[in-house]
Amino acid sequence: MNKNELLKVLNKFKNSSDSVILIDGKWGSGKTYLLNEFIKEYHEVPIFYISLLGKRSVDDINTSLYMEVHKDEVIHQIVPIAVSPFKDDSSLDYILKINNDCRYLIILDDLERYASTHYDEFLSYVQTLVLKGAKVIVVSNLSYLGTGEKYNFDMYKEKIFDHIYKADLFSSSLLERKFQKFYKYFDKSLISLLNNNIRIVDKENSFLNEIYDEIGEILFSRENYFKSIIFYTIIFLTTIYNDIPLSYPKLQLKGSEDDRKVIFNFLNDEEDGWEAFKVYEFSLNIVSAYKIENPLKLIAALYKAYIYNDYSLLEEFF
């Protein structure tokens, strides 16, 4: 589903027959960005957002939700699930009564990072929230569940979720809005390198702006060279952040010992040298019309610029 379709679903969720929905999409696809936009604009009922990153049990989730609901109070201990996170909903009579009115929207993000495979307990907790008047939106990247986790999840997903939606939020209009003055340089080949990852898009846009602020006059005097710069900055960022998992057995290693020595000499640090050489190795495995004849100095220059905010080597490159 694209952005507008998913926003339509979210806006109708409060009055729909669904109680718990899942939004699935890979990391960096823009799910959290979309949810923040939804939270900012939606005012019908209170929305409470919780990331499951680092949570090891439903008590951890309940504590975070309790703290979110009671922002003005000081919480020093784990709040067990027996204690309702909501202010007036802790009586047994209310919990046992199925309440069809939606009084809260709860967003549980990063399900794949939940450090427990006890989805039966998670199911019970989500159902308890529903009984207390909440509707629940769970957000995940299911492709990153391990084999055992995926098996356990598949056992319970039918019981947990009324509806599962696939997020497909990447679009040309988003890129044009993000990159602005740089967008005209992005062709299909360069866009495909971004791997539909909005986080990498944001990092790429920020890095290009930093380069432009430092050496823009030199860079834009050679506009025909700029697509090559975009190619290597994307490869650099996706490698540094491991957005594209690097598995050397699957790569054809082409960098020579002499290449490694050149990069090491540019950076004068073994750890930095290996990081930059990893970028170089990965770039050699990407087919592109925008590779330059000798990228070693450029990759080293980009490394110094991004990691150390030192643009001297990049200025020398031009």
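What's counted below: heavy atoms across the whole structure, side chains too, no hydrogens, waters or symmetry copies. Counting from 1, the numbers follow the sequence of the chain as shown.
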Original post:
Which residues pass the ring-ring contact (aromatic ring centres under 6.0 Å, His included) test with F186, sequence neighbours left out?
Top reply: F179

Original post:
Can you say whether the rings of F236 and Y303 are parallel (under 30°), tilted (30 to 60°) or perpendicular (over 60°)?
Top reply: perpendicular

**OP:** Say whether D187 and S189, considering side chains only, have a donor N or O and an acceptor N or O under 3.5 Å apart.
**Re:** no

**OP:** Answer with yes or no whether the side chains of E204 and T233 bring together a donor and an acceptor at under 3.5 Å.
**Re:** yes

**OP:** Identify whether NZ of Lys or CZ of Arg in K181 sits under 6.0 Å from the centre of the six-membered ring of Y212 and within 45° of that ring's axis.
**Re:** yes

Subject >> Pair D59, S57: side-chain N/O donor-acceptor within cut-off below 3.5 Å >> reply: no

Subject >> Derivation of the side-chain contact (heavy atoms from CB on, under 4.5 Å) call for Y114 and L108 >> reply: CA-CA 10 Å; Y114 180 43; L108 301 177; over 6 Å; no

Subject >> Residues in side-chain contact (heavy atoms from CB on, under 4.5 Å) contact with I164, at least two apart in sequence or another chain >> reply: L22, K157, F161

Original post:
Should D24 and S140 be marked as a side chain to side chain donor-acceptor pair (under 3.5 Å) after you check the CA-CA gap, both sets of side-chain angles, and the distance that decides it?
Top reply: CA-CA 5 Å; D24 177 37; S140 182; 5.1 Å; no

Subject >> Y49 versus N36, side-chain donor and acceptor atoms under 3.5 Å >> reply: no

Subject >> ring-ring contact (aromatic ring centres under 6.0 Å, His included) against Y311, all qualifying residues, sequence neighbours excluded >> reply: none

**OP:** Apply ring-ring contact (aromatic ring centres under 6.0 Å, His included) to Y119 and list each qualifying residue two or more places apart in sequence or on a separate chain.
**Re:** F153

Original post:
Salt bridge between K278 and E281, side-chain N to carboxylate O under 4.0 Å?
Top reply: no

Original post:
Do we get K178 above Y33's six-membered ring, with its NZ or CZ under 6.0 Å from the centre and within 45° of the axis?
Top reply: yes

Subject >> Sequence-distant partners of S16, side-chain contact (heavy atoms from CB on, under 4.5 Å), two or more places apart >> reply: F13, D18, K135

**OP:** Give a yes-or-no answer on whether the side chains of T238 and N195 include a donor-acceptor pair shorter than 3.5 Å.
**Re:** no

**OP:** Only counting residues at least two apart or in another chain, list the ones meeting ring-ring contact (aromatic ring centres under 6.0 Å, His included) with F231.
**Re:** none

